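Down below is the structure, laid out as structure tokens.
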Amino acid sequence: MEPATTTSLGRAPPQLVGGWEAGLLMFLALLYFGGVIVNPAFFGSTEALHALLRDTSRVGIIAVGMTFVIVNRDLDLSVGSTYGLIAVVFARLFAPSFLDFGVIQSAILCVLLGTAIGLINGVLVTVLKVPAFIATLTILFIGRGFVLALTHGQAIYYSDKAKDRPLFFHLGETNILGFNNQIAIFFLIAMVGAYALAKTRWGYETFATGGNEQAAAYAGIRTRWVRIRAYLLSSLCATLAALLSAAQDKGVTPLYGVSWELTVIASVVIGGASILGGRGRVIGSCLGAAVVVLIDKVLREGWPITRIVVIDGENVSVGAKFTLPAGAVLVFLGLLLVIAVLIEPLLIRRQVAARLWAWLRGRPPPPAYEMGGVAIEGVQTKGAMAADMALSATGLGKFLARRDALAIILTVVLWLTGLVLRPDYWWNLPNTFAILLNYTELALITVGLTYVIAAGDIDLSVGAVLALAGSTAAYFLKVLGADPLTAVTMGLFAGMIAGAVNAMVVVGFKLPAFIATLGMFYIARGLAAWFVAGQQLTGWPEGYNLLGRKVNDVLLHFGLALPPGIIRTMAEVVSIQTIWMFFIAVIAGIVLAYTPFGLKVCAAGGNVRAAAYAGVNTNRVRFIALMLSALCATMAGIINVAYFRSFNPVAGQFRELDAIASVIIGGGSIFGGYGTMIGSLAGAAVITLVRALLQLNVQGFSMPQHWINVFIGVILIVAVLIDIWVRQANFFERLRTRLRRGAPTGDNSHG
């Protein structure tokens, strides 16, 4: 009888450190050597290495917490605004020109605030089931609004008072050993985080939850608490980094933490973590942070060059430094995020390095990683209960059962509210159409985004694509002196290229839409600032500006004068862009509601697998939806430049938040499968009217713009919760049924 044989599965993957980290160390050394070559005056000094480690410390500390979140198969886009908000709150509490608290009280309150932010993120994602990217993106915008509102756009310093508290503020300074204390704290946090993730029950639960949450729950793991705990760690790490920054800088500016979420996520993914969850190491994330910070430093520091200056007819060589223009670093960081995420499917899961090493040694290749990770995948279709109610209802109930009824009712209520508060302003026809002009841009973006959300995807780049298209058109008009038609064509080309990249990365490389479009959010925004060198451009032919003018202005430009009357009155207040928006909306609405393509969009968003089985080319549907979203944002950007007769690099800021809220308020499902053009347009009207009402001067008071952005963020969260719990889970009907079952019937007998 032959002895029984066993098949070895090989060694378990290392949990603390492995070959990927060794590769990162070599890449860091090569990258630093490259920095020494291009800029020896900076990178050739020990001060540069010390500055790199110091700046890596804060990013690395946040990356430690983010590693737990990403391994859990979640995402935290709020860490940058959390970092900035904590630093601002500490400054407001501690600075003698504000509350003048003690350093201990200020730090404790900041820790409590960081804990609260982590709990809010965790509860939104786990208990209230808001998608992680929506919940944390909204917290990002809300936090950024608080930062700008609390600082009023100004820096806050407290260096004089800090001199009397050397114990705390020494944390941000160099110690007697010659290195910054932040570096020591970073190494301590990294070691604790690495051990906790690799060697403790916390780590085991995190890997299990991220690898297969349903199986982990069957194994008795409290997966909801595991995910909340990760968000707490992420927020507290951002809080610690902010306090270290406060100790170092002894002040704060409104730009603290801007785009840091991009830097941190890229660091963790470069460090070997999977955006699909279930894999990651803290040491790798920390080395990834060093890579990202070093790339950022190389790009920002530039390299020395020699310029020839003519003085009194003689050529004089002058030493100078070449630095990249405004926005360029943001472009590279956005590209870095997308490339880092592509490492996962193209290199890590295919084990390219291990297979190459096995081939060189003449050994069989290692088995590929399992591409799955979900034991049982349920259907994606949402909102069936709401659809059944709409079909069975009659009369007024049929309207009220519609998913877009809430947006329509809110539009009417908000309009009447404005009429009551300021009838002198609200009832004035030019003012009415001024509000309509503000509505037009948002509505045009919302038209395209409706298709994307109905198809089950998301596009976080619409505001940045708007800016990119406007920047391109303005650059051709002002810098190159192009004619209006050429400027419009190039603006359309730039915006559609961005949309094509989004669609190819999402559909072709199978990346999550929120990651791909988040990368494009930064790339397009950076390119928009790069093209105009971060400056506002203005002054181009009136022929281009006609795209944003009133109908009567256009007619007069071509020598046509309307006779006095109602037609002329309307022509004097209705804009060309408004007419164009309604034209696009009508066509898009008909296609979505009454054509086979519209049905395919909703089918792909409702259940992509079932739609594919039914013969729907879901990849093509999603590709076209993303392209349409980019086209609408591009048209809005081109019109924006014509309407304002100038271009500002901040154009389109917060428009992605407004547009997503518009679609959800209008009845669209954040999970896909549903959307109407009437509902989305009504949702855009709600957002526009809310902004108009909050900015309305009532008895001398009007709300500052930064607080309005906070309010809109809250509206988005409420809209998503209504979609999840009222429209889809039918929460109130279930509660009514439960109460009815629990009520006494009066038939009980006792004896």
Side-chain angles (χ1 to χ4, degrees), residues 57-66 68-69 76 78-124 136 139-140 142-147 149-151 155-173 175 180-190 192-193 196 202 225 228-254 256-257 260 264 710:
S57 298
R58 295 190 294 275
V59 177
I61 288 172
I62 304 176
V64 171
M66 182 68 80
F68 283 82
V69 175
D76 188 356
S78 68
V79 288
S81 63
T82 299
Y83 171 85
L85 181 59
I86 294 297
V88 168
V89 168
F90 180 87
R92 295 269 303 195
L93 292 171
F94 182 74
S97 56
F98 291 95
L99 296 180
D100 199 19
F101 282 14
V103 66
I104 301 299
Q105 298 95 315
S106 301
I108 291 174
L109 290 173
C110 286
V111 171
L112 292 176
L113 176 60
T115 303
I117 293 173
L119 282 174
I120 290 172
N121 281 332
V123 170
L124 284 173
T136 57
I139 298 300
L140 181 157
I142 291 175
R144 186 55 51 196
F146 271 112
V147 167
L150 292 174
T151 60
I156 302 174
Y157 293 106
Y158 41 81
S159 54
D160 290 338
K161 184 179 178 182
K163 296 176 182 177
D164 300 328
R165 276 70 173 182
L167 183 62
F168 174 80
F169 289 97
H170 190 61
L171 295 175
E173 298 174 354
N175 55 36
N180 195 284
N181 288 310
Q182 296 176 81
I183 300 173
I185 296 173
F186 165 51
F187 275 99
L188 176 63
I189 296 296
V192 172
W202 277 26
W225 164 242
I228 293 176
R229 181 176 65 201
Y231 279 110
L232 276 171
L233 290 174
S234 178
S235 184
L236 288 174
C237 284
T239 300
L240 175 59
L243 292 175
L244 291 177
S245 179
Q248 172 186 290
D249 298 338
K250 300 174 181 61
V252 66
T253 71
Y256 264 43
W260 273 44
V264 173
V710 172

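For clarity, every value in this text was computed on a predicted model and none was experimentally measured. All heavy atoms count here, side chains included; hydrogens, waters and symmetry mates do not.
- Note: Leu85 CG to Leu150 CG = 7.0 Å, rounded to the nearest 0.5 Å.
- For the pairing with Tyr256, the side-chain contact (heavy atoms from CB on, under 4.5 Å) check across Val147, Asp249, Ile86 returns one residue only, Asp249.
- Scanning both residues, Cys110 and Thr239, for their nearest heavy atoms gives O-CG2, 3.7 Å.
- In this structure, Phe169 and Tyr158 have tilted ring planes: the angle between them lies in the 30° to 60° band.
- Annotation: Phe168 is not in aromatic contact with Phe94 [ring centroid separation under 6.0 Å not met].
- With hydrogens and angles disregarded, no donor-acceptor distance shorter than 3.5 Å links the side chain of Asp76 to the backbone of Ser235.
- Taking both residues in full, the closest heavy atoms of Gly65 and Cys237 are given as N-SG, 3.7 Å, listed atom of the first, atom of the second, then distance.
- A donor-acceptor pair is defined here as one N or O able to donate and one able to accept, closer than 3.5 Å; no such pair exists between the side chain of Arg165 and the backbone of Val103.
- Nearest heavy atoms, Asp100 versus Lys161: OD1-NZ, 2.6 Å.
- Contacts classified as side chain to side chain donor-acceptor pair (under 3.5 Å) and involving residues 104-119 (residues at least two apart or in different chains) are not found.
- Going from atom OH of Tyr83 over to atom CD1 of Ile61 covers 10.0 Å, rounded to the nearest 0.5 Å.
- Heavy-atom contacts from other residues, nucleotides or ligands closer than 6.0 Å to CZ of Phe98 number more than 12.
- Scanning both residues, Ser81 and Ile139, for their nearest heavy atoms gives OG-O, 3.7 Å.
- In plain terms, the two heavy atoms of Ala247 and Gly172 that are nearest each other are CB-N, 3.9 Å.
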- Passes side-chain hydrogen bond (donor to acceptor under 3.5 Å, both in side chains), Asn121 versus Ser78? Steps please. CA-CA 9 Å; Asn121 281 332; Ser78 68; 3.0 Å; yes
- Item | Phe90 and Leu93: CA distance, side-chain angles, deciding distance, side chain to side chain contact (heavy atoms under 4.5 Å, CB included) verdict | CA-CA 5 Å; Phe90 180 87; Leu93 292 171; 5.8 Å; no
Q: Report the C-alpha separation of Ser234 and Val79 in whole Å, then their side-chain angles, then the decisive distance to 0.1 Å, and conclude whether the side chain to side chain contact (heavy atoms under 4.5 Å, CB included) test is met.
A: CA-CA 7 Å; Ser234 178; Val79 288; 3.2 Å; yes
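- Atom CG of Leu244 and atom CZ of Phe186 lie 11.5 Å apart (nearest 0.5 Å).
- Atoms CZ and CD1, on Arg92 and Ile156 in that order, are 6.0 Å from each other to the nearest 0.5 Å.
- A distance of 11.5 Å separates CD1 in Ile104 from CG in Leu109, rounded to the nearest 0.5 Å.
- The OG1 atom of Thr151 lies 12.5 Å from the CZ atom of Phe146; values are rounded to the nearest 0.5 Å.
- Minimum heavy-atom separation, Ala91 to Val252: CB-CG1, 3.5 Å.
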